[in-house]
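Fair warning: this is a prediction, and the values are worked out from it, not measured in the lab. First the proteins, then the strands, lettered A, B, ... as listed; each starts at 1.
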Amino acid sequence: MTATAVRESTRAPANTSPGDVLAGTGTLIRFILRRDRIKLPAWLLGICVLLLQLTTAASNLTETEEQQADVRRFMEGAVGAIFGPGYGRDDISADLYVAGVYGLVFFVLAALMSIQLVSRHTRVEEQNGRAELLRSTVVGRYAQLTAVLTVAVGANAALALMISGTMAARDFGGDGLLFGASVGAVGLVFAGVTSLTVQITEYARTATSIAGAVLGGAWVVRVAGDMMNDYGSSLSWFSPLAWSNQTRPYVDGRWWPLVLSVGLAAVAAAAGYALSDRRDVGAGLVAARAGTPAAAGWLRSPFAVAFRLQRTALIWWTVALSMFGFMFGGFADQITDTDGISEDRIEMFGGSVDTLTEGFLGVITLFTASLAGVMLIHGIQAVRSEETKGRAEPVLATATSRWTWFGSYLAVLAIGLVAALLVAGFSSGVGAAISVGDGSYVWDVTAAHLAHVPGLLVILGIGALLFGVFPRAIAATWVVLGLGLFTGVFGTLMDIPSWLRNVLPMEHAGQPPLDDVAWPAMIILLVVAGGLVAGGLTAFRRRDLETK
Amino acid sequence: MTAAIATSGLVKTFGQTRALNHLDLTVETGEVHGFLGPNGAGKSTTIRVLLGLLRADSGRAEVLGSDPWHSAVALHRRMAYVPGDVELWPNLTGGEAIDLLGRLRGGLNQARRADLIDRFDLDPTKKGRTYSKGNRQKVAIVAALASDAELLLLDEPTAGLDPLMEVVFQDVINQVKAEGRTVLLSSHILAQVEELADKVSIIRHGEIVQSGTLTEMRHLTRTSIEADTNKPVTGLDQIPGIHDLDATDGRVRFAVDGAHLNDAVRALSQFEIRTLISHPPTLEELMLRHYGDELAAVGGGQKSGDDDGEGR
């Protein structure tokens, strides 16, 4: 906290009645519900649809003795700790599997729903100046925060009930409501945390990032704690995510850990209220820092500008992919332990017990490559928003051609892709080499990651072509990427028509290190990517710039 | 003098909307050319065609002797642009944005950059997302004016600036004019154009409806006359070109077409003039001449119609 933005507490309400600071809360609640009449139901329904699908998957995965043994192994040790403390793994059933392994997905979704909800109706409103307009009417100091927290409590309660209903519909045991409440409790905690973080900074994005970092931190603490000890250690209990696991739904359910969740949510929200008193509307507790009055010397070409604007995103993607790769590379030994492995898993990891490690690393490499594809599509969409937000216009009004401007972004993304996959592949390879105890994996896995570059460049090319020809349809690139990942992972288990596999660019890379690098295919993919990019650049040169 | 900007028959449509409808615009080198019209008349579209950001459906455009669509980059080295609605990069400071745009144009004059930042009272260390609309506008103005560009395209450059900054802006533009550079100044602030512009073009529904110096344009419209006379005024309504005549005991008011001003004054002098006030038509009246029917259609009178002009 810096002194500049902190107000004397004498400005706090001294002679106003409690009703004043809450004036208008009821109207604001209805207003929030009106504004979020699509978003909130979409979140709630989306989560329940996902739950319904995962319960089906869980039932299919726990049918036979062999499968159950396999799942049990999956819930043990370091891999198991990623998802949860592993309660009930000795007597596995579908409901247990959903609550114990897939539960994490729902905790994260509930947290994200709450973080976005609270930020959207507090800091985003302030940053855009709309809060000022509202606060100039008969609206109390605490009304906006109270209104959104009320909606957040309602949304998480509804989520708990809907999850409980979904679990009941699948004829799972009696702990559906407890599982639902555990999920809702995580949402509640992060609604409270966000009501605190939005007070700290002037920017909604920073506020949600801090709340997201708290979520990530909570997960890391829980994983570390659960790795130290079966069913969690005392370290685990420092994480709000652990409390929702420690309710042990479908094992021997207990409600009291959720008291901790509600308590933390209340404390965080109270801190949010207290801090909101000590700052001005629109200001943060931390004053905005001044930046440099002049641009750095190297910032003088369109390429440098494109790099400068994409830099932060590229760095974070590389860090995240490397951590992902290192972690899963490190599980190579445990996951590919052939003792009691199921046919499904052998099939998924290459179909042969002999090459199980390579098959597993191939799947992980494909995952990392797909995530790098997400980075590319995000990148293209960022270029598109430069155009639609009106920031491309002044740049293109300088001596910068359309070719150079768009081409620079594409070059930055392509180089960023190679760098990200190089670093992520190396980290993943080091993880695998340590885990299996074979140094050759370092090179093999790095090369495998790089083998995905040409296929991903084709995806970049598709995005570039759409940008030039039909920019509103850039999002269609997601379909290509999504299908590529889906066929890559499940292609062997399902009958994917061969023509579909042939048009998907990532298919042609195969699954290195399991498959050898197919050089002719690589070269063809590079040529195709080059053609698509050239088409996109030419089309962009020929179309109108979209202006505000 | 050669024309810095010359367009003929420019047409640009967006779907059903015809934004430019055979637009003919000429801006001579070295002049400050006022480009007037309300929102949606086609000012920004014209400027974007002149920058080669939009491609005209038909017609011819020439900027500094070249086609703006095909020679965009070469031309942009010699031009600077201030958009009407400036968006900055949220995580770059204003100073960085100024340097970036200047360098991409091919360099900017450091002394002038410092001077402009000082005169416009701009804090260049703040990040783009923290600037108010007026300050974003200042960033774009400094970036454009710190260059040595020979042609400046300014699209409502002072929208969001306070009156003090408006004065600074007029100062700077007069300086630019003294250096012999050309300015196309789109605006709907009439006082600003009246103060700065050598010539004015009025655009309506994508067409230039009138173009010329203010003097020429005034000649084409009516001068209003107000006089006190010793003898009661009679018979003025017989003179052609006199409108809105209102004579009450020794005081007369009327408007007269430029071509008949001489006849009117000669007739008036027979009634022993004691005082005489004549107003040349203001730019507002010139504008209203072209937009008066629209105002009448929406129920605004002739006189109440200037809120579009200076309401910002």
- Task: Give the intermediate values and the outcome of salt bridge (charged side-chain N to carboxylate O under 4.0 Å, His left out) for residues D544(A) and K12(B).
- Result: CA-CA 11 Å; D544(A) 282 345; K12(B) 178 72 194 174; 2.3 Å; yes
- Message: Any heavy-atom pair between the side chains of L92(B) and L309(A) that's under 4.5 Å?
- Response: yes
- Count the heavy atoms belonging to other residues, nucleotides or ligands that lie under 6.0 Å from CD of E132(A), then report whether that count exceeds 12. no
- Cation-aromatic face contact R541(A)/W69(B), 6.0 Å, 45 degrees: yes
- What heavy-atom pair brings E96(B) and T292(A) nearest, and what distance separates the two atoms? CD-CG2, 3.7 Å
- For A294(A) and R113(B) the tightest heavy-atom approach is CA-NH2, 3.8 Å
- Would you mind checking which part of R78(B) comes under 4.5 Å of any heavy atom in chain A, side chain (CB onward), backbone (N, CA, C, O), both or neither? neither
- Message: Only heavy atoms, only distances under 4.5 angstrom. Which residues in residues 49-57 of chain B are near chain A?
- Response: L51(B), G52(B), L53(B), L54(B), R55(B)
- Message: How long is the straight-line distance from CD of E87(B) back to CZ of R391(A), given to the nearest 0.5 Å?
- Response: 7.0 Å
- Task: Could you tell me which non-hydrogen atom of T125(B) sits nearest to which non-hydrogen atom of P293(A), and how far apart they are?
- Result: CG2-CB, 3.8 Å
- Query: Which atoms form the tightest heavy-atom contact between R48(B) and T547(A), and what is the distance?
  - Reply: NH1-OG1, 3.0 Å
- Message: Shorter than 4.5 Å, heavy atoms on both sides: which option in D99(B), I117(B), T130(B), L104(B) has the most such pairs with chain A?
- Response: L104(B)
- Item | Donor-acceptor contact below 3.5 Å, side chain R103(B) vs main chain L299(A) | yes
- The interface call for E386(A) against chain B, heavy-atom contacts under 4.5 Å, is side chain
- Message: Quick check: do L396(A) and H76(B) have side-chain heavy atoms less than 4.5 Å from each other?
- Response: no
- Message: Using heavy-atom distances under 4.5 Å, tell me whether S301(A) contacts chain B through its side chain, its backbone, both, or neither.
- Response: backbone
- Item | L88(B) portion near chain A, given a 4.5 angstrom heavy-atom threshold | backbone
- Task: Taking all non-hydrogen atoms of both residues into account, name the closest pair between T400(A) and V73(B) and its distance.
- Result: C-CG2, 3.8 Å
- What's the spacing between R129(B) CZ and E202(A) CD if we round to 0.5 Å? 9.0 Å
- Query: Considering residues, nucleotides and ligands other than R112(B), do more than 12 of their heavy atoms fall under 6.0 Å from its CZ?
  - Reply: yes
- Query: Are the side chains of V305(A) and W89(B) in touch, meaning some heavy atoms are under 4.5 Å apart?
  - Reply: no
- So, the part of A296(A) with a heavy atom under 4.5 Å from chain B: the answer is backbone
- Message: Surrounding CZ of R35(A) (heavy atoms of other residues, nucleotides or ligands, distance under 6.0 Å), is the total greater than 12?
- Response: yes
- Supply the atom-to-atom distance Y203(A) OH to N91(B) CG, rounded to the nearest 0.5 angstrom. 10.5 Å
